Amino acid sequence: MIDVDIVGQLVPNPVTMLVQLCSTLVLFLLMKYFLWGSVKNFLGKRAEKMQSDLAESEQAKQAAFSDREKAAVQLSNASVKSEEIVSAAVKEAKTEKEAILQQAGREAEAARRRAQEQMAAERQEMYQSMQKEMVEVAMTAAEKLIRDKSNEDMDREAIDAFVKEVTGNE
Amino acid sequence: MNELAERYAEAIFSLAREKNTVRELKEEAENLSQVLETSPELIGFFRAVKITSAEKKDLIQNVFGPVFDKDMVNFMKLLIDKGRIYSLKDILKAIVHKANDELGIQEALVYSARKLQDTDLERIRKALETKTGRTVVLKNRIDESLIAGIKVVVGNNVTDVTMKHKLEEMKASLLKGGGQA
């Protein structure tokens, strides 16, 4: 069986405990003397930096909010403007389209009129050519017929007409 | 009528008027014109540069001397000397024209497809005399293209009563699209 002094183990030795308390106290005093100021200073600076960072962060946040609002306004303005531009462009395109359509219509009408005039002219020319040819043939036939039947009586009729015209006598 | 021919014609015409031989001068001018028409080689002879003026004048004297008045013969010789013989035809026309004016004669031409009878020519002549108040000398020229009828030319006036003219009028009317013939 193992012989363990449980009470001895559980209750500290007062001397040891006193020495330890003293050493702890000395250690505490030493630390306070040598480290407390710099630690406090370090912590103060750190606190200031954190405070400064927080303020900058807040400012940045505010600036971001402001920029976001401005961007939203600009976006809204841009949207309105773009709508206006698109609307104007559509309107202009419609006007242009109307003008182009009207111009095309006028040109088509002019081309149609020219074609009709040309057709009419060609038809007239063909008609005149046919008419001339028919008249030529008719006149040639008439001349031949008259020449075959011409005689002195026809000359005398002409003389009568001439004398009547010149003298005015019946 | 060119001015040169007029000047030469006026010269010999004035001489004839002084001598009261305008009618004779006219007849000689007409006869000489006819000779030149029927003998064109005579003009060639007068224009030939290899033939001397003396030879040309000899020919004039020998051919025309016996039949023409000496004034006309001398006039032709003068034209040879002056180098104006090439204008002889125009000069003769001018002489006839002046003589006709002087004698109150109006020349007229009547064109027909056939030769007209004398009675018909006489009717035309009398009608023209009535109209112009001058003595009309009428000549009949044949032009078969006229088909029938007559065309009378008096100076610058033309009266066309031919079938050819009527057909041309009818043709023009038909081509113009008119219904009137």
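Letters A, B, ... are given to chains in the order of the sequence lines, protein chains preceding strands, and every chain is numbered from 1. Computation of the quantities below employed the complete heavy-atom set of this structure, encompassing side-chain atoms and omitting hydrogens, waters and symmetry-equivalent molecules. Computed from a predicted model, the values in this text were never measured in an experiment.
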Of all heavy-atom pairs between [X] and [Y], which one has the smallest distance, and what is that distance?
| X | Y | result |
| --- | --- | --- |
| B:Leu167 | A:Met139 | O-SD, 3.6 Å |
| A:Val135 | B:Lys171 | CG1-CG, 3.5 Å |
| B:Val161 | A:Ala161 | CG1-CB, 4.3 Å |
| B:Ala148 | A:Met154 | CB-CB, 3.9 Å |
| B:Ile147 | A:Ser150 | O-OG, 3.4 Å |
| A:Lys132 | B:Leu175 | CA-CD2, 3.4 Å |

Please flag which part of [X] lies under 4.5 Å from any non-hydrogen atom of chain A: side chain, backbone, both or neither.
| X | value |
| --- | --- |
| B:Glu168 | neither |
| B:Val110 | neither |
| B:Ser112 | neither |

Does [X] have more than 12 heavy atoms from other residues, nucleotides or ligands lying within 6.0 Å of its [atom1]?
| X | atom1 | result |
| --- | --- | --- |
| B:Asn20 | CG | no |
| A:Gln116 | CD | yes |
| B:Tyr86 | OH | yes |
| A:Gln103 | CD | yes |
| B:Glu144 | CD | no |
| B:Glu122 | CD | yes |
| A:Arg46 | CZ | no |
| B:Lys57 | NZ | yes |

* Structure fact -> Whatever's closer than 4.5 Å to a heavy atom in chain B on A:Asp160 counts as both
* To do: Give, as side chain, backbone, both or neither, the part of A:Glu152 having an atom under 4.5 angstrom from any heavy atom of chain B.
  => both
* Are any of the side-chain heavy atoms of B:Thr159 and A:Val166 separated by less than 4.5 Å? -> no
Roughly how far, to the nearest 0.5 Å, is the [atom2] atom of [Y] from the [atom1] atom of [X]?
| X | Y | atom1 | atom2 | answer |
| --- | --- | --- | --- | --- |
| B:Lys126 | A:Thr167 | NZ | OG1 | 12.5 Å |
| B:Ile150 | A:Phe162 | CD1 | CZ | 5.5 Å |
| B:Arg114 | A:Asp155 | CZ | CG | 4.0 Å |

* Report the option among A:Met134, A:Glu157, A:Gln128, A:Glu136 that has the most heavy-atom pairs separated by less than 4.5 Å from atoms of chain B. => A:Glu136
* Asked: Other than B:Val153, which residues form its hydrophobic cluster under the rule that side-chain heavy atoms must be closer than 4.5 Å?
  ->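 Besides B:Val153, the cluster holds B:Leu109, B:Tyr111, B:Leu146, B:Val158.
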* To do: Name the member of B:Arg123, B:Lys164, B:Lys131 that forms the most heavy-atom pairs with chain A at distances under 4.5 Å.
  =>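 The candidate making the most pairs under 4.5 Å is B:Arg123.
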